[in-house]
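Working notes, structure below.
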Protein chains: 2
Amino acid sequence: MDKYQGLLKAHNLKSTHQRLAILKNISDAGHIDVEFLYSKLLEKFSSLSKATLYRNINDLLASNIIEEIKLPELKQQYEIKKEPHIHLLCKNCHNVKDINYNLDSVYSEISKDNKFKIEKSFIVIKGLCSNCV
Amino acid sequence: MDKYQGLLKAHNLKSTHQRLAILKNISDAGHIDVEFLYSKLLEKFSSLSKATLYRNINDLLASNIIEEIKLPELKQQYEIKKEPHIHLLCKNCHNVKDINYNLDSVYSEISKDNKFKIEKSFIVIKGLCSNCV
DNA sequence: TCTAATTCAGATAATTAATATCTTATTTAT
DNA sequence: ATAAATAAGATATTAATTATCTGAATTAGA
């Protein structure tokens, strides 16, 4: 059974070929925007309607299977929902690397200083990756 | 002399009433999206064209007088360019507070661990502000 | 399996957002 | 005050996203 079929079923979404291909492509890319995702999908489903893609993106977002990532100067990106992480964005090759880094002490200090109840953080660090230095 | 006239002049941009009003409204709001900015501007310039607003936003971005901020689940926001800072976004009232916090040691560690040359970071922390707890 | 109910895909059409073009008006340096 | 340069407004155009409708695919149950 395909890796995503159970996930779709758990959210009462039918496992259509289109949906599975959308998830596979997002997963393979790590991060992807609508335009590029559409071009990849057309390779397999030459008749795929853009409306179908947008509809599915919205359905998958609503089910929290994927999430929107806003990266500076880039179009809206989508990724499979995973644990919170920091994005390292290379300004040259536009590759995005996900890293984990414990910021609990930072958060607790910020929370205390500003009387702000932290729920989630979005961190993008822009610069040059090792390949592009 | 208006506070922004010198800035515009330094970038060879004429100080039109529209431009000054755009800067004033962005500054007053702290962060603002195109739609709300347009509605605010219409109060003063009832005939302002949306094309003028978009054109000016792009001109001001190109001159680095304002910058784009991408906040999760919200439309593209604009703010007057200032020192790097962390955004605290309240998920309830959508207010955004700017804070400063020194993350140099975090950055140097991330940079070393990932062989990544850091240029700039974008940090948004979502949660509940003191008014909305 | 076969069938029926449900949901989805594809094809438009319709919105909405953003940009380009053109003419008139405003700004600014002299 | 005037002339050159640039910007504003109006409009058209393009791009992005969503809505609607009908036929097709999926899935649960017999």
Side-chain angles (χ1 to χ4, degrees), chain A residues 1-26 32-63 65-66 68-71 73-78, chain B residues 1-2 4-26 32-63 65-71 73-78:
Chain A
M1 169 147 119
D2 184 282
K3 164 179 173 189
Y4 291 114
Q5 288 195 352
L7 192 56
L8 288 171
K9 186 169 183 181
H11 290 91
N12 291 314
L13 294 174
K14 293 187 174 173
S15 292
T16 64
H17 300 130
Q18 292 85 342
R19 246 172 219 161
L20 291 169
I22 288 170
L23 289 171
K24 181 179 187 313
N25 276 282
I26 296 177
I32 198 165
D33 64 37
V34 174
E35 195 184 317
F36 190 57
L37 177 54
Y38 185 61
S39 74
K40 296 294 286 179
L41 290 164
L42 280 183
E43 292 171 10
K44 204 171 199 175
F45 300 94
S46 57
S47 69
L48 186 92
S49 164
K50 227 166 190 178
T52 296
L53 176 55
Y54 278 107
R55 202 179 325 111
N56 275 311
I57 285 176
N58 285 331
D59 291 346
L60 293 169
L61 283 172
S63 295
I65 294 172
I66 63 172
E68 294 183 333
I69 304 291
K70 292 173 188 262
L71 300 175
E73 288 130 49
L74 295 183
K75 295 202 184 133
Q76 180 80 271
Q77 308 272 315
Y78 298 93
Chain B
M1 170 147 120
D2 183 281
Y4 291 114
Q5 289 195 349
L7 193 55
L8 289 171
K9 186 169 183 181
H11 290 91
N12 291 315
L13 294 174
K14 292 187 175 175
S15 292
T16 64
H17 299 131
Q18 291 87 341
R19 246 172 219 161
L20 291 170
I22 288 169
L23 289 172
K24 180 178 188 315
N25 276 282
I26 295 177
I32 198 165
D33 64 37
V34 173
E35 196 182 317
F36 190 57
L37 177 55
Y38 186 61
S39 74
K40 296 294 287 181
L41 290 164
L42 279 182
E43 293 172 10
K44 204 171 198 173
F45 299 95
S46 57
S47 71
L48 186 92
S49 165
K50 226 164 188 177
T52 297
L53 176 55
Y54 278 108
R55 201 177 326 112
N56 275 312
I57 285 175
N58 285 331
D59 291 347
L60 293 169
L61 283 172
S63 295
I65 294 172
I66 63 173
E67 63 183 330
E68 294 183 333
I69 303 291
K70 292 173 188 262
L71 300 175
E73 289 129 49
L74 296 183
K75 295 202 184 134
Q76 179 80 273
Q77 307 272 315
Y78 298 92

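A, B, ... follow the sequence lines: proteins, then strands. Residue 1 opens every chain.
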Starting at CG of B/Leu7, measure out to OG of B/Ser15 and round the result to the nearest 0.5 Å. 9.0 Å

Estimated bend of the helix from C/dT1-D/dA30 to C/dT30-D/dA1 (axis per five terminal pairs, rounded to 10 degrees): 50°

Who passes salt bridge (charged side-chain N to carboxylate O under 4.0 Å, His left out) against B/Glu73, sequence neighbours left out? B/Lys126

From CG of A/Leu8 across to C1' of C/dT7 the rounded distance in Å is 13 Å

Just N and O in the side chain of A/Asn56: are any of them under 4.0 Å from OP1 or OP2 of C/dA9? yes

I'd like to compare against my own output: the B/S/- annotation of nucleotides 16-28 of chain C with a strict under-4.0 Å heavy-atom distance to protein. -SSBB------BS

Atom pair CG/OG1 of A/Leu8 and A/Thr16 - distance to nearest 0.5 Å: 7.5 Å

Considering every strand and a 4.0 Å limit on heavy-atom distances, what is the contact class for A/Thr52: base, sugar-phosphate, or nothing? base

Partners meeting salt bridge (charged side-chain N to carboxylate O under 4.0 Å, His left out) with B/Lys40 (sequence neighbours left out): none

First encountered from the 5' end of DNA chain D, between B/Asn12 and B/Ser47: B/Asn12

Taken to the nearest 0.5 Å, the spacing of A/Tyr78 OH from A/Ile57 CD1 works out to 5.0 Å

With sequence neighbours excluded, give me every salt bridge (charged side-chain N to carboxylate O under 4.0 Å, His left out) pair touching residues 44-60 of chain A. A/Arg19-A/Asp59

In Å and rounded to the nearest 0.5 Å, what is the CD1 to CG distance from B/Ile69 to B/Leu74? 12.0 Å

Please round to the nearest 0.5 Å and tell me the distance separating atom CG of A/Leu37 and atom CG of A/Leu42. 9.5 Å

Can you name the closest pair of heavy atoms from B/Ser63 and B/His11 and give their distance? O-NE2, 3.1 Å

Inter-residue atom distance B/Asp33.CG - B/Ile26.CD1, 0.5 Å rounding: 11.0 Å

Provide the start and end nucleotides, 5' to 3', of the part of DNA chain D that has atoms under 4.0 Å from heavy atoms of chain A. D/dA16 to D/dA28

